[in-house]
Amino acid sequence: LDFCKRKYCLEIKMQESDAMINATGAKINYYSKNKKAKNIGYQPRFSSMENIDSVFENILNKAITLA
């Protein structure tokens, strides 16, 4: 969220909710720490942040094209 706030000047409002439901339980990290794919030579081409940035760029470009 901080990245998007800085790069795209997004205004973010968050609300606390007593009704937080997580079907798989509370977590500190919401990503896998499993590195087994590396053992067979898999190396991601882009980082998570690069992918998020790419998606935002595509959304913005489409919005500008439609405007």
Side-chain angles (χ1 to χ4, degrees):
L1 291 175
D2 288 336
F3 168 79
C4 294
K5 283 170 56 175
R6 282 193 311 274
K7 182 161 184 183
Y8 299 105
C9 301
L10 292 180
E11 185 176 316
I12 298 170
K13 294 180 183 179
M14 297 179 74
Q15 252 181 312
E16 287 196 37
S17 173
D18 293 335
M20 293 280 294
I21 298 172
N22 188 330
T24 59
K27 295 173 187 58
I28 294 172
N29 301 308
Y30 284 86
Y31 54 87
S32 174
K33 291 188 172 188
N34 184 324
K35 305 290 184 197
K36 289 181 181 180
K38 189 175 185 179
N39 295 338
I40 61 169
Y42 176 74
Q43 177 72 27
R45 185 179 298 173
F46 303 107
S47 70
S48 296
M49 289 309 301
E50 288 169 324
N51 281 313
I52 291 168
D53 190 29
S54 176
V55 168
F56 267 85
E57 289 290 334
N58 286 330
I59 290 169
L60 289 174
N61 287 336
K62 286 180 183 177
I64 289 169
T65 302
L66 294 173

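Along the sequence shown, residues carry numbers from 1. Please read all numbers here as calculations on a predicted model, not as lab measurements.
Note on ring orientation: taking the six-membered ring where Trp is involved, the planes of Phe3 and Tyr8 are perpendicular (angle over 60°, cut-offs 30° and 60°).
Heavy-atom minimum distance, Glu50 versus Arg45: OE1-O, 4.4 Å.
Side-chain contact between Phe56 and Cys4 is present, with heavy atoms from C-beta onward closer than 4.5 Å.
No more than 12 heavy-atom neighbours from other residues, nucleotides or ligands sit within 6.0 angstrom of NZ on Lys5. The environment of Ile12 atom CD1 is dense: over 12 non-hydrogen atoms of other residues, nucleotides or ligands sit within 6.0 angstrom.
No side-chain donor-acceptor contact under 3.5 Å links Asp53 to the backbone of Met49.
A continuous path of Ile, Leu, Val, Met, Phe, Trp and Tyr side chains, each step under 4.5 Å between heavy atoms, connects Leu1 with Leu10, placing both in one hydrophobic cluster.
One distance of note links NZ of Lys7 with CG of Leu60; it measures 9.5 Å at 0.5 Å rounding.
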